[in-house]
Each structure stands twice: as structure tokens, then as C-alpha cells.
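Note that the structure is a prediction, hence the values are computed from the model and not measured.
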Amino acid sequence: MIIILKKTYTKNIQVLIIILTILFQNCGDKSKTDHKKPIAKGQIRNDSLKITFDPKSASDKAYKIDSLFMHLYSKGIFNGNVLVSQNGRIIYKGAFGYADFGKKRPLSLNTAFQLASVSKQFTSVAIMQLKQKGLLNYSDPVYKHVPNFPYDSSITIRSLLTHSSGIPNYIYALDKIYDKKNPLSNSLVVNLMGQYRPNINYLPNKKFNYNNSNYMYLAYIVEKLSGMNFRQYAQKNLFGPAGMSHTFIFDPNKSSQIAKAANGYLANKRIVPPDYLDGVVGDKGVYSTVEDLFKWDTALNTEKLLKAETLNEAFQPKLDFKNLINKNYGYGWRLQLLDDGTWLTFHTGWWHGFKNFYLHNNQDNSSIIILSNLANSYLTNAKKVEAILYPEKAKHFIGEEEEAAEMGGTSK
């Protein structure tokens, strides 16, 4: 018995020595690996923001946000999905109403919505990726990449990114020219614009005028420089890296894509089906969910898509026109100056009954994502969500009197 114990003891010691040897080797290997691949500054920053997350405060904000949207839904003001995050963590998400009013098909958090002009940020990131690879410069004249571009060299890629080009909106400029029985495409629009040369709206780079043609051309440039159509490029370089498995760009020739998506409705609940304009992408066309957009928001806070210094350019005011004092535009983002000197970074979208709002705050890794398939005036309530998320700045969003009434009415 003693001998057996002794052998077992000796064997255990040998096993322990082997385990300790492996552990020390792993520690050594890990040290070498860590030395070769230091933790990125962005990751350190993101981790530190997550540490500052306050569960109690988040719970209180979630209650107020839920109360707000329950009220809006009960009054028939809102039909859609909501997700709000702060410090890189989701604090609230909810679905209200129907994806299909006729069939009474309810919305779920996996329901995809047409993002309308919220799609523009994907186009701007694609352009920035190409710039980062050295395939273009923002100062390039558009005709360098689009030989049949019908306007002069003063119109650059930067002019398109900032809606200061002065070119006409293809939706109206080609309205009486194209056969609406067949879907348009970016290449068709580019060729028609080159052929008919519709008049320019104003002298280039002299004012800001929001215009879908700018981002239609940008998506076309992505196609020419990447050698793949914009839908393929987005899947490979934007949606895929961000982990957005429920996101796609609509193709009119594949109507089954949107079989399970939300339908778009006017305020009177009349359905608005896709039409010939939905073949054009870059200015619109992305379908996504609130949870996929949160993945996109997270990817923007890392360097999965772009280097931080490249992406940060998109969030800076680019225009110095006199009429743009409290409002401005970056690259694919609307900007609004608050009374405390900070800039809100956001975008809205409105197309075929869909009406959306997406705020991205890369200062504290927070977001507000509101997707609606009922085109009414609910967007005025987005400011109330901002006030809930940032109570210390509430008066900058909704005013002191409204703040007192609104915050008092939704608290526990």
C-alpha cells in the first residue's frame, strides 16, 4: 500500500512538472506574441469606455426610452424598431408594430428595413477605403474616374462627398427621358447624364445642396476602381467585415430579397412598393436591421473598416459656407452644432415609406438607431431620445421647459 502511494506520488510530481513546464512555455510564447502584436490604442480606449458603463443609469434610461416609444406607438405616431447603445453596450432595443399591416405580420428585431439615405455612409466608407489604398484622392476631378462626366474639373470627389457639386438630381433630371418600365442602374444613369448633359443647378463648390446624384456617382466610382459591382463590394468590404449577416443592397431583379423585410408605408398606411429608381445604389438601397447597424456602429469604433485617422475625417465639418453655422456635412454624415460646442454626428433617411434616424457618437461609443416603415412625423421625437441618453445636455436637444416636462413624465 505504501509502495503504491509512493509511485502515485512520484507520478503526480512528474505530471505537475510537465504542466508547469507547459505553462511557463505558454507564458513565454504569449509574451513574445504580445510583444509582436501590441494591443491597439483603439481597443484600449473601447475597453476603458465599457468599464465606465453604469448598469443602474442604463436601466433608468432604458425605462424612459421604452416609455417614450410605447407612448408613440399607442398614439399611432411610431411603427418600427429601436436600438440605443452607450459606452459600446446596448442599453435598449425594441420592436413596435407591423412589418406588413395587411397581413398583420409583426416586426421583430431581425426585420430588415430600407435604410434610405442612411445608406450614404456605407458609400463614403467605401470611397475612404479606396483613398486609403491610394486608388483615388478627394481632390481628383470626377471626370478622372468617369470619362463621360458632363461637367468641368472643378467638381471633385470631395464635392460629391459633401453635396457641394451643383450637379442636378438624376431623379428629376431624367424623369422624362427614361423608360420607367425597367429598373435604372448606376451605369445607365451615368451614361444618360453624359448623353443629355442636364443643366447644373449652381456654380460648383459655392453652396451645400443635398442631392442623391452625388452618391450615385460615388458608388459608380467604387465599381470602376474595384472591378466589382457596388453590391458585391459592400458585401465583401463593408457588411462582411462588420459581421452584418442580415444586411444587403436591394436588387430589383431579386425581389425575393425583401420577402421577409418590412414594407414601406405612407402616413395613411398605403404601401409603397419598390420602383424603377431602386436599381440605383449608393444614395440609398441598403436593407439592414437595428442589430446589424449596431454591429456597424461597433466596427466604426475599431479599425476593422478604416484606420481611425481616415475615418475621423468623415466626422469633421467640411463646408465653410455662410449659411452653414450650426449645421454642416462631413463625408456621408450630417453634423449639427450644439450650444455647448460639440457636434452631433448623424444621418436621416426617407424613401418609399421608410423614415430612419441614426446617431453615431464616436466620443463615447454610443448610438441611437431608429428605423420606421411608416412615413410620418415621428422623427421630431428623436431629440427626446438624445435628451434621455445625455441628460446633462438635455436642454441642448429639447429646451429647458420641454426637458422638465418630458423627463418628469417618463421617470419611474
Between T156 and V142, is any pair of side-chain heavy atoms under 4.5 Å apart? no
Check whether Q114 reaches the backbone of F354 with its side chain - one donor and one acceptor, N or O, closer than 3.5 Å. no
Hey, does the side chain of R105 reach the backbone of K260 with a donor-acceptor pair shorter than 3.5 angstrom? yes
Point-to-point distance, once rounded to the nearest 0.5 Å, from CZ of F294 to OG of S85: 5.0 Å
Side chain D66, main chain Y63, donor-acceptor under 3.5 Å: no
The reported gap from CG in L174 to OG in S213 (rounded to nearest 0.5 angstrom) is 7.5 Å
Verify the distance criterion only: is there a donor paired with an acceptor across the side chains of H163 and N209 at less than 3.5 Å? no
Give the minimum heavy-atom separation between S372 and Y378, together with the two atoms involved. CB-CE2, 3.4 Å
Exactly one of Y287, Y233, F230, F122 should register a ring-ring contact (aromatic ring centres under 6.0 Å, His included) with F239. Which one does? F122
Side-chain heavy atoms of S159 within contact of S164, under 4.5 Å: yes
Q232 side-chain N/O to N229 backbone N/O, donor-acceptor pair under 3.5 Å: yes
As a test of understanding, state which of V286, I369, L238, T247 forms a side-chain contact (heavy atoms from CB on, under 4.5 Å) with W296. L238
side-chain contact (heavy atoms from CB on, under 4.5 Å), paired with L311, selected from L300, L305, N301, N362: L300
F78 and ring-ring contact (aromatic ring centres under 6.0 Å, His included): which partner among F69, Y73, F357? F69
Does the Lys NZ or Arg CZ of K207 fall within the cation-pi geometry relative to F321 - under 6.0 Å from the ring centre and within 45° of the axis? no
Quick one: is the NZ or CZ of K181 closer than 6.0 Å to the six-membered ring centre of Y276, and within 45° of its axis? no
Looking only at heavy atoms, the pair that brings K236 and P241 closest together is O-CD, 3.3 Å
Quick one about T298 and K295 (side-chain donor to acceptor, distance below 3.5 Å, no hydrogens or angles considered), yes or no? no
Modelled atom types, side-chain donor and acceptor of N263 and D100, under 3.5 Å: yes
Do the side chain of K355 and the main chain of N376 share a donor and acceptor less than 3.5 angstrom apart? yes
Between the main-chain N or O of I91 and the side-chain N or O of Q86, is there a donor-acceptor pair closer than 3.5 Å? no
Evaluate the criterion side chain to side chain contact (heavy atoms under 4.5 Å, CB included) for residue pair M70 and F96; output intermediate values, then yes/no. CA-CA 8 Å; M70 284 294 290; F96 301 84; 3.5 Å; yes
Return the minimal non-hydrogen interatomic distance between S288 and L115, and the atom names on each side. CB-CD1, 3.8 Å
Mind checking the NZ-CG spacing from K269 to N373? Nearest 0.5 Å is all I need. 10.5 Å
Evaluate the side chain to side chain contact (heavy atoms under 4.5 Å, CB included) criterion for residues L68 and V385: first the C-alpha distance (whole Å), next the side-chain angles of each, then the deciding distance (0.1 Å), finally the verdict. CA-CA 8 Å; L68 172 62; V385 185; 3.8 Å; yes
Please step through side chain to side chain contact (heavy atoms under 4.5 Å, CB included) for the pair N205 and R158, ending with a clear verdict. CA-CA 9 Å; N205 309 308; R158 181 178 286 106; over 6 Å; no
So P198 and Y151, do their side chains get closer than 4.5 Å, heavy atoms only? yes
Examine R334 relative to Y210 and say whether NZ or CZ is less than 6.0 Å from the centre of the six-membered ring and inside a 45° cone about the ring axis. yes
One thing to verify: whether D278 and K284 come together as a salt bridge, which I'm taking to mean a side-chain N less than 4.0 angstrom from a carboxylate O. no
Applying side chain to side chain contact (heavy atoms under 4.5 Å, CB included) to L293 and L83, what does each step give before you reach the verdict? CA-CA 9 Å; L293 280 177; L83 186 148; over 6 Å; no
Specify whether F315 and H360 have parallel, tilted or perpendicular ring planes, treating 30° as the upper limit for parallel and 60° as the lower limit for perpendicular. tilted
Heavy-atom count check: over 12 atoms from other residues, nucleotides or ligands less than 6.0 Å from Y172 OH? no
May I ask you to decide if L136's main-chain N or O and D140's side chain share a donor-acceptor pair within less than 3.5 Å? no
Check whether any side-chain heavy atom of L344 sits under 4.5 Å from a side-chain heavy atom of L359, and report yes or no. yes
No-hydrogen, no-angle side-chain donor-acceptor test under 3.5 Å, D283 and Y170: yes
Establish, from distance only, whether the side-chain atoms of Y390 and D364 form a donor-acceptor pair under 3.5 Å. yes
Using side-chain contact (heavy atoms from CB on, under 4.5 Å) as the criterion, point out the one residue from I368, T345, D297 that pairs with Y358. D297
Would you find a donor on one side and an acceptor on the other, under 3.5 Å apart, between the side chain of S59 and the backbone of P55? no
Would you mind reporting whether Y98 and K104 have side-chain heavy atoms less than 4.5 Å apart? yes
Counting heavy atoms not belonging to N199, are there more than 12 under 6.0 Å from its CG? no
Are any of the side-chain heavy atoms of Y215 and S124 separated by less than 4.5 Å? yes
Looking at D251 and N253, would you say the former's side chain and the latter's main chain have a donor-acceptor pair under 3.5 Å? yes
Is there side-chain contact between F248 and R231, with heavy atoms separated by less than 4.5 Å? no
Between atom NZ of K327 and atom CG of L319, what is the distance when rounded to the nearest 0.5 Å? 14.0 Å
Could you tell me whether D60 and K64 have a side-chain N and a carboxylate O separated by less than 4.0 Å? yes
Residues, nucleotides or ligands: over 12 heavy atoms within 6.0 Å of K180 NZ: yes
Heavy atoms only: give me the nearest P204-I200 pair and the separation to one decimal. CG-CD1, 3.9 Å
Examine distances only and state if a side-chain atom of Q121 and a backbone atom of V118 form a donor-acceptor pair shorter than 3.5 Å. yes
Can T380 and S377 be counted as having a side-chain donor-acceptor contact under 3.5 angstrom? no
Ignoring hydrogens and geometry beyond distance, is a side-chain donor-acceptor pair present between K120 and N212 at under 3.5 Å? yes
Cation-pi check, K318 to Y329: give yes when NZ or CZ is under 6.0 Å from the six-membered ring centre and within 45° of the ring axis, no otherwise. no
N110 side chain to T289 side chain, donor-acceptor N/O pair below 3.5 angstrom: no
What closest approach, in Å, do I249 and Q257 show between heavy atoms, and which atom pair accounts for it? O-NE2, 3.6 Å
Heavy atoms, side chains only, cut-off 4.5 Å: are K93 and V84 in contact? no
To the closest 0.5 Å, what do you measure between CD1 (I388) and NZ (K61)? 10.0 Å
Atom pair CG/OG of N361 and S367 - distance to nearest 0.5 Å: 9.5 Å
N186 and V280 have their tightest heavy-atom pair at OD1-CA, 3.5 Å
